[in-house]
Amino acid sequence: LSLCLSRAEPSALCEVCEGAEEMPEPLQQCAAWLRAYFCEPGSTGSLPVPAFHHPLLQRDSFTRQVLWTLLNDVKFGEAVSYKQLADLAGNSRAARAVGGAMRSNPIPIIIPCHRVIRSGGDSGNYGGGQLMKEWLLSHEKLQKEKLA
């Protein structure tokens with residue numbers, strides 16, 4: 001599975017390549033969600049969130065709570081600090097644990113750990129690298145402005 005994007009404008013050309021019709025349903029859902037995220041961000045809210053079967057998301061833990069809270073409560077084009085996310089997840093003193101949860105996120109972009117920033121406004125760390133995080137945040141801001 002690969003997602004093909006135009007270099008010039010993220011929403012100019014976007015297609016899922018390599019036999020999308022042969023993929024199992026959960027992968028088709030992921031591909032549809034990623035295509036929408038990059039090409040038609042206004043439609044991500046109407047798509048079902050793909051089924052996640054990763055063990056980290058199955059067991060009851062603060063990390064799971066943080067990831068689900070992030071997925072459900074921090075919308076496209078928004079950002080939240082580590083401390084704010086800790087508050088939302090039910091433990092206002094666990095900002096460092098939120099950072100750990102972000103590092104262990106098994107499905108970045110779909111569970112949007114790039115939306116978690118430092119309290120001072122700096123973007124903070126990201127598994128995909130600082131430039132990727134800044135690009136994702138910029139992409140969301142630009143697309144949200146287009147939708148407004």
- Would you indicate whether the side-chain heavy atoms of Phe38 and Leu136 approach each other to under 4.5 Å?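 Yes; the side chains approach each other to less than 4.5 Å.
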- With a 4.5 Å limit on heavy-atom distance, are the side chains of Ile110 and Cys30 in contact?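 Side-chain contact under 4.5 Å: yes.
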May I ask whether [X] and [Y] are part of the same hydrophobic cluster, defined by side-chain heavy atoms of I, L, V, M, F, W, Y residues being less than 4.5 angstrom apart, directly or through others?
X: Leu71; Y: Val66; result: yes
X: Leu142; Y: Leu137; result: no
X: Val74; Y: Val116; result: yes
X: Ile117; Y: Leu67; result: no

- Could you check Asn125, Ile111, Leu70 and say which one makes a side chain to side chain contact (heavy atoms under 4.5 Å, CB included) with Met102?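 For Met102, the side chain to side chain contact (heavy atoms under 4.5 Å, CB included) check succeeds only for Leu70.
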On a heavy-atom basis, which atom in [X] and which in [Y] lie closest, and how many Å separate them?
X: Ala36; Y: Leu47; value: CB-CD1, 3.5 Å
X: Lys133; Y: Cys113; value: NZ-O, 4.3 Å
X: Leu147; Y: Pro41; value: CD1-C, 4.4 Å

- Pairs in or reaching into residues 68-78: which pass side chain to side chain donor-acceptor pair (under 3.5 Å), with residues at least two apart or in two chains?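 Found Gln65-Thr69.
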- State the NZ-CD distance between Lys141 and Glu134, to the nearest 0.5 angstrom.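 If I round to the nearest 0.5 Å, the distance is 12.5 Å.
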- Backbone of Met132 reached by a side-chain donor or acceptor of His114 within 3.5 Å: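 Flag not set: sc His114 to bb Met132 has no pair under 3.5 Å.
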- Message: Using the salt bridge (charged side-chain N to carboxylate O under 4.0 Å, His left out) criterion, which residues pair with Lys144? Sequence neighbours excluded.
- Response: none
Just list the side-chain donor-acceptor pairs under 3.5 Å for residues 84-97, sequence neighbours left out, or say none.
| residue | atom | partner | partner atom | Å |
| --- | --- | --- | --- | --- |
| Gln84 | OE1 | Ser81 | N | 2.7 |
| Gln84 | OE1 | Ser81 | OG | 3.4 |
| Asn91 | OD1 | Arg93 | N | 3.2 |

- Task: Hey, can you tell me if Tyr37 and Phe76 have their rings parallel, tilted or perpendicular (30° and 60° cut-offs)?
- Result: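 Tyr37 and Phe76: perpendicular rings.
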- Which pairs with one or both residues in residues 109-123 pass salt bridge (Lys or Arg N to Asp or Glu O under 4.0 Å), sequence neighbours excluded? Arg115-Glu140
- Message: By the salt bridge (Lys or Arg N to Asp or Glu O under 4.0 Å) test, which pairs, at least two apart or in different chains, include something from residues 43-65?
- Response: none
- Message: Suppose we screen for side-chain hydrogen bond (donor to acceptor under 3.5 Å, both in side chains). Which residues come up paired with Ser123, at least two apart in sequence or across chains?
- Response: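 So Ser123 forms a side-chain hydrogen bond (donor to acceptor under 3.5 Å, both in side chains) with Gln130.
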